[in-house]
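Working notes for the structure below.
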Amino acid sequence: MTGHFKDKELSAAHDARKMIRLAAEEQIETVWDRLQKQEPQCGYCSLGLSCRNCSMGPCRIDPFGDGPQKGVCGANADVIVARNLARTIAAGASAHSDHGRDILEALYHVGSGDTDAYQVNDELKLKQVAEEFGIDTNNKESKDIARDLAWEMMEDFGTRKNELTFLSRVPQPRRELWKKLNITPRGIDRENVEVLHRTHMGVDNDYVNILLHSLRTSLSDGWGGSMIATEVSDILFGTPVPNTSKANLGVLKADMVNLALHGHNPMLSDVIVRAAEDPELKKMAEEKGAKGINLVGLCCTGNELQMRRGIPMAGNHLIQELVIMTGALDAMVVDYQCIMPSVVEVAGCYHTEVISTFDKAKFTGARHIPFDPERGLEIGKEIVKAAIDKYSDRVPERVRISDLPVEMMAGFSVESIVKALGGSPEPLVDAIKAGNIRGAAAVVGCNNPKIKHDYGHTTLTRRLIENDILVVVTGCSAVANGKAGLMMPAAAELAGDGLKEICGALGIPPVLHMGSCVDNTRILVLAAALANFLGTDIDKLPLAGAAPEWYSEKAVSIGAYVVASGIYTVLGVQPPIFGSQKVVELLANGLNDVVGAAFAVEPDPEKSSVLIRRHIEKKRQELGLPAIDPGSIEMPQDD
Ligand code: SF4
Ligand code: MSK
């Protein structure tokens with residue numbers, strides 16, 4: 001077995017472990033089985049040393065120096081590794097940004113009056129964001145502002161602008177730095193297309209130049225496509241406020257129609273929530289013998305729903321096959337991103353119906369009910385009805401829900417954090433200055449079967465809060481930490497004295513749920529607000545990022561824009577760059593002199609917590625704040 005496993009268990013989560021054992025007993029193939037069958041995975045690809053960008057190839061570079069050191073075209077290891085990384089970042093940035101565009105189109109439909117499925121939910125944010133885009137909001141109806149804002153935001157995808165509009169939120173020194181480096185993101189689509197152009201055979205053959213453009217592309221995601229996704233989702237569906245709901249496989253109900261909402265886009269799931277309230281559909285469910293309709297979330301669609309509507313969370317990335325094995329899931333509705341094709345096969349072993357909904361994300365074997373924002377609610381009802389129909393096919397003897405759900409808080413948008421602080425970042429800044437809180441870390445990203453499920457997230461978070469570092473979480477990390485009980489105010493008991501006191505005074509948990517993967521932009525906005533408040537740049541602050549169990553191309557784009565924005569980031573899974581010492585050196589060290597932050601790779605969360613603590617204390621020293629000598633923080637030894 002690959003990766004960091006200190007014991008034989010594949011998951012740190014109790015509900016998952018039980019289902020994994022069940023899968024083995026019933027010979028249902030899961031992600032862990034398939035990983036094992038893939039081993040040993042290709043060494044060239046793992047090092048980033050293979051290229052199939054043209055048909056003179058495919059080519060590979062021998063990492064030991066005995067075999068070929070150049071592709072047929074003459075590209076060396078540095079160029080091949082950099083090109084591969086650039087394409088990965090572009091794929092991730094494109095996924096986020098295309099998601100943003102889909103939401104934006106819904107805003108445009110609202111503004112044009114050709115849908116009644118959605119409406120403006122947060123008028124204040126609509127006006128604030130419209131003003132950022134230079135739109136006069138005086139004496140204008142919100143419908144008209146929505147239309148004009150959507151139109152202006154669409155321009156940020158194109159080639160007409162020299163810089164993205166949300167860059168006005170970036171601290172001035174960082175904007176100037178990006179300008180000097182020529183990495184100011186322009187059009188979102190433009191930067192992504194340019195990656196594909198540059199990495200075509202015979203275009204950009206300088207690894208540094210390729211990597212700088214990769215940073216620019218990732219910034220077009222973080223301060224562009226993803227930020228548009230977050231802000232427009234808030235405008236349409238409401239800016240999250242703190243709420244308490246529940247998490248783990250125990251949120252499924254044996255006596256109700258269970259419907260899981262999986263993927264990333266909140267557009268469809270929002271109408272399904274409303275459809276499930278329909279009295280006729282509720283009656284239909286009762287006629288089938290169910291007590292009602294129970295909606296649960298998975299992955300980031302689940303995060304979106306939990307943040308805004310308190311819908312319970314069934315699980316994160318590696319739970320998506322296991323939730324079907326409860327035998328109680330009547331339908332899994334998928335939109336896009338992070339949905340394993342295997343869910344259709346696992347569902348085939350049960351009565352569960354997988355329903356795909358986006359024409360750009362079809363799944364062979366699934367039922368396809370195409371989503372159309374203009375007929376949102378009608379489609380939502382059709383989907384809920386399909387789940388109710390499936391309830392009759394459930395086999396009661398195969399229903400296995402035994403875990404009790406765990407309470408967790410969600411809904412910590414920047415607005416609600418600032419409100420909890422009394423309307424200004426000042427109390428947080430004061431607590432950091434005094435040393436009660438040493439700094440803050442974002443623990444984000446996916447699960448990956450190469451890392452013990454949820455172990456990376458929860459171990460790292462525990463160590464950080466124990467040492468008075470406030471943790472913010474998004475994506476699958478939020479689910480892992482919520483299930484582990486770390487996201488209720490009572491978890492402050494596990495924190496160091498300083499953090500415990502602050503959490504107690506504010507009534508907040510030591511680990512704050514800031515949303516889905518696109519909502520990592522909320523973390524950027526918060527970091528920028530802190531830097532602006534102090535009149536400094538983001539890289540000067542005692543902040544860090546970590547993605548202990550990342551797997552996706554989107555996570556690489558996130559890591560790149562976080563580092564390019566000035567935040568040191570530790571990855572728990574090795575990216576495929578180790579075939580080029582020069583690329584590794586640039587990303588792990590050289591970037592410090594370029595953007596003031598760099599990457600580290602550390603699979604053991606006990607060790608990564610030390611790297612983060614050392615970094616935060618170093619930043620405190622540089623700011624002249626009371627600090628622990630970073631060198632005195634001991635690195636745990638291997639067993
Ligand atoms: Fe080989 Fe160069 Fe073609 Fe890549 S671009 S496949 S290294 S010839
Ligand atoms: S769902 S991108 S596995 S966090 Fe956003 Fe989780 Fe990663 Fe998907």
Side-chain angles (χ1 to χ4, degrees), residues 31 44-45 48-62 68-84 86-88 91-93 95-96 99 196 198-205 210 221 226 229-230 261-266 297-307 313-320 334-340 442-449 451 453-454 456-457 473-482 513-521 546-559 571-573 579:
V31 65
Y44 295 105
C45 293
L49 285 174
S50 51
C51 178
R52 49 180 182 80
N53 287 11
C54 84
S55 76
M56 293 192 286
C59 304
R60 71 221 181 290
I61 305 296
D62 184 343
Q69 293 302 297
K70 284 177 187 157
V72 176
C73 67
N76 63 16
D78 306 325
V79 170
I80 289 176
V81 168
R83 279 197 314 218
N84 288 338
R87 286 193 168 203
T88 300
H96 278 154
H99 164 173
L196 295 181
R198 283 177 183 238
T199 55
H200 186 281
M201 178 352 234
V203 184
D204 200 348
N205 289 313
I210 296 168
D221 171 3
S226 279
T230 296
L261 303 162
H262 182 13
H264 281 77
N265 188 320
L298 276 172
C299 289
C300 280
T301 293
N303 283 322
E304 299 271 359
L305 292 170
Q306 194 178 27
M307 286 285 284
M313 171 60 83
N316 48 13
H317 185 53
L318 292 186
I319 291 289
Q320 61 184 296
V334 301
D335 48 79
Y336 47 53
Q337 298 172 16
C338 300
I339 301 144
M340 294 189 204
V443 180
V444 307
C446 327
N447 299 133
N448 184 322
I451 299 274
H453 172 237
D454 286 356
H457 293 299
V473 288
T474 59
C476 291
S477 181
V479 185
N481 284 298
H513 193 333
M514 290 192 76
S516 63
C517 298
V518 292
D519 292 341
N520 283 308
T521 62
E549 304 180 30
W550 74 274
Y551 93 89
S552 79
E553 291 164 316
K554 292 178 292 171
V556 186
S557 177
I558 294 167
L571 304 175
V573 179

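Numbering of residues begins at 1 and proceeds along the displayed sequence. Atoms within each ligand, like the ligands themselves, are counted from 1 in listed order.
The side-chain heavy atoms of L49 and I80, taken from C-beta on, include no pair separated by under 4.5 Å. With a 4.5 Å cut-off on side-chain heavy atoms, P548 and V443 count as touching. Side-chain contact between V556 and W550 is present, with at least one heavy-atom pair separated by less than 4.5 Å. Contact check for H99 versus P266: side-chain heavy atoms found under the 4.5 Å cut-off. Side chains of N303 and H513 form a contact here, defined as non-hydrogen atoms less than 4.5 Å apart. Side chains of Q69 and D62 form a contact here, defined as non-hydrogen atoms less than 4.5 Å apart. Using a 4.5 Å cut-off on side-chain heavy atoms (C-beta onward), N265 and Q337 make no contact. Side-chain contact between E304 and L261: absent, with no pair of heavy atoms (C-beta onward) separated by less than 4.5 Å.
Screening M340, H453, E549, H262 for a side chain to side chain contact (heavy atoms under 4.5 Å, CB included) involving H317 leaves a single residue, M340.
Below the 2.8 Å limit, atom 1 (Fe) of ligand 1 has as protein N, O or S neighbours C59 SG.
Counting protein heavy atoms only, atom 5 (S) of ligand 1 is closest to R83 NH2, 3.5 Å.
Side chains of T474 and N520: a donor on one and an acceptor on the other come within 3.5 Å.
Contact residues of ligand 2 (protein heavy atom closer than 4.0 angstrom to a ligand atom; sorted by chain and number): H264, C299, C300, H317, C338, G445, C446, G475, C476, C517, Y551, S552, K554.
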